[in-house]
Amino acid sequence: MTNSIKKNEEFQRIYQSGRSYANKYLVMYAKKNESDTGRLGISVSKKVGNSVVRHRLARLIRESYRLNESKFHSGWDIIVIARQSAKGRTYFEINSALLHLAKLHKILDEVSV
RNA sequence: AGAGUAGCACAUAUGGUCGCGCCCACAUCAUGGGUGAGGAAAGUCCGGGCUCCAUCGGGCAGGGUGCCGGAUAACGUCCGGUCGAGGCGACUCGCAGGCCAGUGCAACAGAAAAGAAACCGCCGGCUUUGCCGGUAAGGGUGGAAUGGCGGUGUAAGAGACCACCGCUCUUGUGGUAACAUAAGAGGCUGUGUAAACCCCACUCGGAGCAAGACAAAACAGAAGACCAUGCAGCGGCCCGUUGCGUCUUCGGGUAUGUCGCGUUUUGCACGCUUCGUGCAAAGGAGCUGUACGGUAACGUACAGUCAAGAUAGAUGACCAUUUAAAACAGAACCCGGCUUAUCGUGCUGCUCAUCAA
RNA sequence: UGGGGUAUCGCCAAACGGUAAGGCAACGGACUCUGACUCCGUCAUUCUCAAGGUUCGAAUCCUUGUACCCCAG
């Protein structure tokens, strides 16, 4: 069961104190939390597209995180921001972008990479 | 077969694996079953339900609509008709009341743009190289110039007079009406603009589910009764109405949560009993179908049915099949419309022209 | 989700239905040995966010759309 980051304050705290990496399609903020379960927050700006486009990107990111959750180190809060270029990308492109960023953050299990 | 015109329907399939929201089954977990976006869900341009404001009342101001009749809960929507414009036609489009209630505006050009007018021209006269008078037929300007064409007439002209057309009025006939049509009369009565102010007719209180209701940490006030004037408040203003002072009483209320919220209410039965399920009845501008009435919009009756309900927000991913799996696009209180976006299909009515029979 | 507003030159902006002001910037010239300051001139080019309509005539009036901004937890 994937926990999600909901409150605006929590987003702001992670933006302030977390580290960030970015690639062509996504931006990822990450911060170690006090619990031993991981949490995911997704942000898609209105500039990316209309409601259908934004929902689809959020679903693709959530699906990708869900299928790879076991590979992530536990106890990290992760925020993923979709960029404008992510509009119209396929699942596989989003998935590889997400794993690439996780690798930069060094929060992936080395065995599974 | 071609060109066109009007309308209707569908609009991401089927199977497999993994996953999400809600509901149900079991005390819970696990598990199983059911169910899960649109024709526009969009824009928010109108109308209504619902909720609160103040019990929603009266007047003024302001807004909206605008050929006629009907439909509807209501509408700026829809249906039928009239008139005007376009098309050979099927048919389409039209904010289509009133500038003889009043007021305003009409740049530039033009002599003159609205209770007045002679620039050129034409005709007559004279004290003849110019002035006076007559004249709106002709020229020129303009979007618009005193109804149009022909004739009579005249010095030249003029609805001054005549025929036809147009206009206005009256009467008759048809139509619920808009209006159509016939006859007669007037004798022409100065243009455009009301998506200019305005007039006339009808109509509208304001805000919106982040409305609002309930529970309730923090925090200290809150409610009721009585009384007089001023002040303050209440959606533009006024009438009107509420609070501020004194006394009495004890709850008020922010964060937050729940409800509102997806068929609702009542009764009975059952269960694991502040809930849920089943059955029955009533309600719903609910949905589907049939019949009847109506040209139609729509109405009435009967039968069946209850269909997503999230709350940082559920519908997704991959594989296979097929030529391909796609356009525009995602419910957020709920309905009726309008407008705008849109891949690819299917069906029906009608029109025109050609060919064949 | 609901409510409200704005759009005119590169920027800031004005404008009664009748030729789209002005300032800054830019460009050209004058002044200067050179630069700044100052002075003179040019700059909306078929057109006021876009498309229709009303009107003789539209930035202005009407309808529909687009983009951006603000408010309400």
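Labels below follow one simple rule: chain letters A, B, ... track the order of the sequence lines, proteins then strands, and each chain is numbered from 1.
Base pairing of B:G276 is made with B:C270, judged by Watson-Crick or G-U wobble geometry with both donor-acceptor distances under 3.5 Å. Of the nucleotides present, none pairs with B:A145 by Watson-Crick or G-U wobble criteria with both distances under 3.5 Å. Across the strands present, B:G172 finds its partner in B:U181; the criterion is a Watson-Crick or G-U wobble pair with both atom distances under 3.5 angstrom.
For B:A324, the base adopts the anti conformation, since its glycosidic angle falls more than 90 degrees from zero. Against the 90° criterion about 0, the sugar-base torsion of B:G159 places it in the syn range. In this structure, B:G151 is classed as anti because its glycosidic torsion departs from zero by more than 90°. Taking the O4'-C1'-N9-C4 or O4'-C1'-N1-C2 dihedral as appropriate, B:C287 has a value more than 90° from 0 and is therefore anti. Here B:G138 is in the anti range [glycosidic angle more than 90° from 0].
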Can you tabulate the close N/O pairs, meaning under 3.5 Å, that link protein atoms to atoms of nucleotides 66-72 of chain C?
none

Pull out every protein N or O sitting under 3.5 Å from an N or O of nucleotides 325-327 of chain B, one pair per line with the distance.
none

Would you list the protein and nucleotides 318-323 of chain B atom pairs, both N or O, that sit under 3.5 Å from each other?
none

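For the side chain to side chain contact (heavy atoms under 4.5 Å, CB included) with A:Tyr65, the lone residue among A:Leu60, A:Ile42, A:Ile78 that qualifies is A:Ile78. Each of A:Leu104, A:Leu101, A:Ile81 was scored for a side chain to side chain contact (heavy atoms under 4.5 Å, CB included) with A:Met28, with one residue passing: A:Leu101. Considering A:Val27, A:Leu26, A:Leu57, A:Asn23 as possible partners of A:Arg83, the one that fulfils the side chain to side chain contact (heavy atoms under 4.5 Å, CB included) test is A:Val27.
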Exercise for the section: Check the pair A:Arg66, A:Glu63 against salt bridge (charged side-chain N to carboxylate O under 4.0 Å, His left out), reporting the backbone distance first and the verdict last. Expected result: CA-CA 5 Å; A:Arg66 183 182 70 81; A:Glu63 180 75 6; 2.9 Å; yes

Exercise for the section: Walk me through it: do A:Lys31 and A:Arg19 pass the test side chain to side chain contact (heavy atoms under 4.5 Å, CB included)? Expected result: CA-CA 7 Å; A:Lys31 185 179 191 297; A:Arg19 289 160 55 73; over 6 Å; no

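Within the 3.5 Å criterion, the main-chain N or O of A:Ser51 finds a donor-acceptor partner in the side chain of A:His55. A donor-acceptor pair under 3.5 Å is absent between the side-chain atoms of A:Ser17 and the main chain of A:Ile14, judged by distance alone. A side-chain donor-acceptor contact under 3.5 Å links A:Asn68 to the backbone of A:Ser64.
Closest approach to the A:Val52 side chain among B:A317, B:A314, B:A329 is made by B:A329 (side chain taken as heavy atoms from C-beta onward). When distances run from any side-chain atom of A:His55 to the nucleotides B:A314, B:U315, B:A317, the shortest one goes to B:A314. Picking from B:C18, B:G330, B:G313 the nucleotide with the shortest atom distance to the side chain of A:Ser51 gives B:G330.
Rounded to whole Å, the separation between the C1' atoms of B:A117 and B:U191 comes to 16 Å.
Rounded to the nearest 0.5 Å, atoms CD1 (A:Ile79) and CZ (A:Arg39) are 9.0 Å apart. Rounded to the nearest 0.5 Å, atoms CZ (A:Phe72) and CG (A:Leu98) are 4.5 Å apart.
Ring-centre distance between A:Tyr29 and A:Tyr21: not below the 6.0 Å cut-off.
Between the base of B:G19 and the side chain of A:Glu63 there is no donor-acceptor pair shorter than 3.5 Å.
Residues A:Leu40 and A:Asp77 form no side-chain contact, since every pair of their non-hydrogen atoms from C-beta on lies 4.5 Å or further apart.
Across all strands shown, A:Ile42 has no heavy atoms under 4.0 Å from either base or sugar-phosphate atoms.
Look at A:Arg66 and you won't find any side-chain N or O under 4.0 angstrom from OP1 or OP2 of B:A317.
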